[in-house]
Amino acid sequence: MRISRFSPFPSSTTVALSILIAAIATHWTDSAESHERPNIVFILSDDMGWNQPGFNGGNHDLTPNIDTLAAESTKLTQFYTHSVCAPTRGAFLTGRYAFRNWMDWRSEDFGKPSYLKKLGLTLAHNDRGEPTRRIHALDASERTIAEALKDAGYFTSLSGKWHCGEWLEEHLPMSQGFMHQYGHYAWGIDYYNKTIVHNAPARFAVYDWHRNQKPIQEEGYTTDLIATEVERVIGQQSSEKPFFLYVPFNAVHGPLNDPPRHGDKYEVREAMLKCLDDAVGRIVGAIDKHGFKDNTLLVFTNDNGPVLEEMSTPYRGTKNTTFEGGVRVPCLMRWPGHTQAGVTNDGMMFIADWFSTFITLAGGDHQQKLPVDAIDMNEMLFGGKPSPRSEIIFEVTGSVRLPTIRSGDYKLMGDMLFNIADDPYEKENIAAIKPEIVAKLASRLATVGKERPPLGDKPLLMDPPLPFIYGKAENANPPSWLKDAVQKVRSTQQTEWAPGETPWPQAPVGANAAKQ
Ligand SMILES: Cc1cc(=O)oc2cc(OS(=O)(=O)O)ccc12
């Protein structure tokens, strides 16, 4: 395999390698070299299964743009995430496993009785006696990749889904390092009316569409709108200042909203995927058209497994499980001159690793108060070296999913043991024949799990319990168009529940937690 270069000079493999090592050793702290630092565009799809893109066996007609990008990219085949949305986003942003900052719990879970019960908590009540959710988010004291890259001189932008806190100012993207924000704060909006289902105290619509943390009224399908925003942002960039664009689409997450096109030919999930593909094509096109292709590291990946197992085959499991189908996701990487087109890289990598990898590329500062789990992957990704990662902690006790660790070839998930190298499809639980490995991995998980900090009292509440719009400041004075839009959706929503039924999704149970 050719060794890729950090340096602009054509050179032999040996020289390139020494430049690479020197670059990494000095962490590129010389800001005078800023023109050599790549722009970083990180596109994340939501709930897309392993086999959905054509390059992984899906229908090529649905993903022609993503497949073209794949042909120009290096494909990572052992790239892992957490098994659900918010934990993956937290790990990406902080370089830390989700359990370290309780990002293995989603903000909305603090308004659901069955989730709260697992923490020994009940639904909170405000001082007027109304039930409401407790505030939970990525803590403001965490250092995010956006903060690190901003400090290194990058323009930082978020277009899409946040899911790391939707209420207090300190938890919103522009307090967490993003200089530009566009999109939604919470788990998943209606693609047309931009409202989200709120769970406590009622399963009612809340508006969730913002630019620079102000409500915006826009017609259109969110997948298309996100692409339009990213094209606009790219058009405003220059070669003077490097940029970091984080583009977490809500597609292909539910609700299953028929897109404005492709529905005549494809069923809704397929049409939604094809719309996502259109959007990815437009973003890649904008990068290339504005002359940023050669100086941009473009990553396309996904946050966790799909809702249906048929979308993760040949891997087992779905989102919300730590089977391979829940945590092994497609990942493409394009940086001309540094990545090789059309090759695969089998090295093991975890979503958090981008944190340290990007800081090195940006010549940023690796020093920080909170310890990171991220491993700098530059030598593996661009230097032809084996992966330095041999362990991934997917879950420890205290989350709603099974404690799970990957260690070398083995994976312990609850009381099941798999050899992922021999049995990547997890057909054979070998716990009974390898008790010594089970004991070793269980002990390691127990030790790491002790590093989970206390949750604290969670005294802050969302008040009012049912806002018009997420964002406390934005809800203080919502415009009348927004109130009308929300009322219109609420008037169509269910208010009565059958005995035994609740407006809240139930916490998953064990390994069979495909859906909530
Ligand atoms: C139906 C529903 C209710 C809710 O409160 O949160 C969710 C979160 C979901 O996935 S995530 O975005 O991956 O966390 C998916 C569905 C829901």
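Numbering of ligands and ligand atoms starts at 1, following listing order.
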* **salt bridge (Lys or Arg N to Asp or Glu O under 4.0 Å) evaluation trace for R401 with D104** => CA-CA 9 Å; R401 293 164 296 273; D104 47 350; 5.7 Å; no
Taking only non-hydrogen atoms of K161 and a 4.0 Å limit, the atoms of ligand 1 in range are 12 (O)
**Q.** Y246 ring center within less than 6.0 Å of F92 ring center
**A.** yes
TODO: Show your working on salt bridge (Lys or Arg N to Asp or Glu O under 4.0 Å) between R143 and E147 and close with a plain yes or no.
DONE: CA-CA 6 Å; R143 181 177 185 238; E147 289 167 331; over 6 Å; no
For C85, the atoms of ligand 1 under 4.0 Å from one of its heavy atoms are 11 (S), 12 (O), 13 (O), 14 (O)
Subject >> Proximity flag V84 to ligand 1, non-hydrogen atoms under 4.0 Å >> reply: yes
Heavy-atom nearest pair, C275 first then H262, reads N-CD2, 4.0 Å
Starting from the C-alpha separation in whole Å, work towards a yes-or-no answer on side chain to side chain contact (heavy atoms under 4.5 Å, CB included) for L441 and L417. CA-CA 9 Å; L441 299 199; L417 183 73; 4.1 Å; yes
Within the 4.0 Å heavy-atom cut-off, what H198 brings close to ligand 1 is neither
Here the atoms of ligand 1 under 4.0 Å from any heavy atom belonging to K112 are 4 (C), 5 (O), 6 (O)
Got an N/O contact under 3.5 Å between N304 and ligand 1? no
